[in-house]
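Encoded as structure tokens, the structure appears first; notes follow it.
The structure presented is a predicted model; accordingly, all values stated were derived computationally and were not measured.
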Amino acid sequence: MDILVFGTNVADLKAVSKVKPLLTAMPAIEDWNFDLDDCDHVLRIVSNDLCPRKVESTLQTAGFDCYELGD
């Protein structure tokens, strides 16, 4: 399992509810969560074989900023 970490502008539960169907529709995602208290509004994804660019483009298409955070 890999843990992918992204910075986003998903800042509240209303925004999370808009993103939820997009993330749950990706079969490669085992689990995901947002840390809305973090200044980067961190999205953590547990997955096997998921390209970070796929997550970024999916959220960006929905109108949200999303970028992979480095180590």
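Interatomic distance, Met1 CE to Asp31 CG, rounded to the nearest 0.5 Å: 9.5 Å. Here the straight-line distance linking atom CG of Asp40 with atom CZ of Phe6 works out to 13.0 Å at 0.5 Å rounding.
For the pair Asp2 (side chain) and Asn48 (backbone), a donor-acceptor distance under 3.5 Å is absent. The backbone N or O of Ala28 lies less than 3.5 Å from a partner atom in the side chain of Ser47, making a donor-acceptor pair. Looking at Glu56, its side chain does come within 3.5 Å of a backbone N or O of Glu68 through a donor-acceptor pair.
Under a hydrophobic clustering in which Ile, Leu, Val, Met, Phe, Trp and Tyr are joined whenever their side-chain heavy atoms come within less than 4.5 Å, directly or via other members, Phe34 and Leu50 fall into the same cluster. Residues Leu22 and Val55 fall into different hydrophobic clusters, defined by Ile, Leu, Val, Met, Phe, Trp and Tyr side chains chained together at heavy-atom separations under 4.5 Å. Connection of Phe64 to Leu23 is established within a shared hydrophobic cluster, with ILVMFWY side chains joined at heavy-atom distances below 4.5 Å, either directly or through further cluster members. Hydrophobic cluster membership is shared by Leu43 and Leu13, with clusters built from Ile, Leu, Val, Met, Phe, Trp and Tyr side chains linked at under 4.5 angstrom. Val46 and Trp32 are members of different hydrophobic clusters when ILVMFWY side chains are connected at heavy-atom separations under 4.5 Å.
Under the 4.5 Å side-chain criterion, counting only non-hydrogen atoms from C-beta, Val42 is in contact with Leu69.
In terms of heavy atoms, Lys54 sits closest to Thr58 at O-OG1, 2.7 Å. Between Pro21 and Ser17, the shortest heavy-atom contact is CD-O, 3.3 Å. A pairwise comparison of heavy atoms in His41 and Thr8 identifies O-OG1, 2.6 Å as the closest pair.
Partner of Ile45 under the side chain to side chain contact (heavy atoms under 4.5 Å, CB included) criterion, chosen from Ile3, Ile29, Val5: Ile29.
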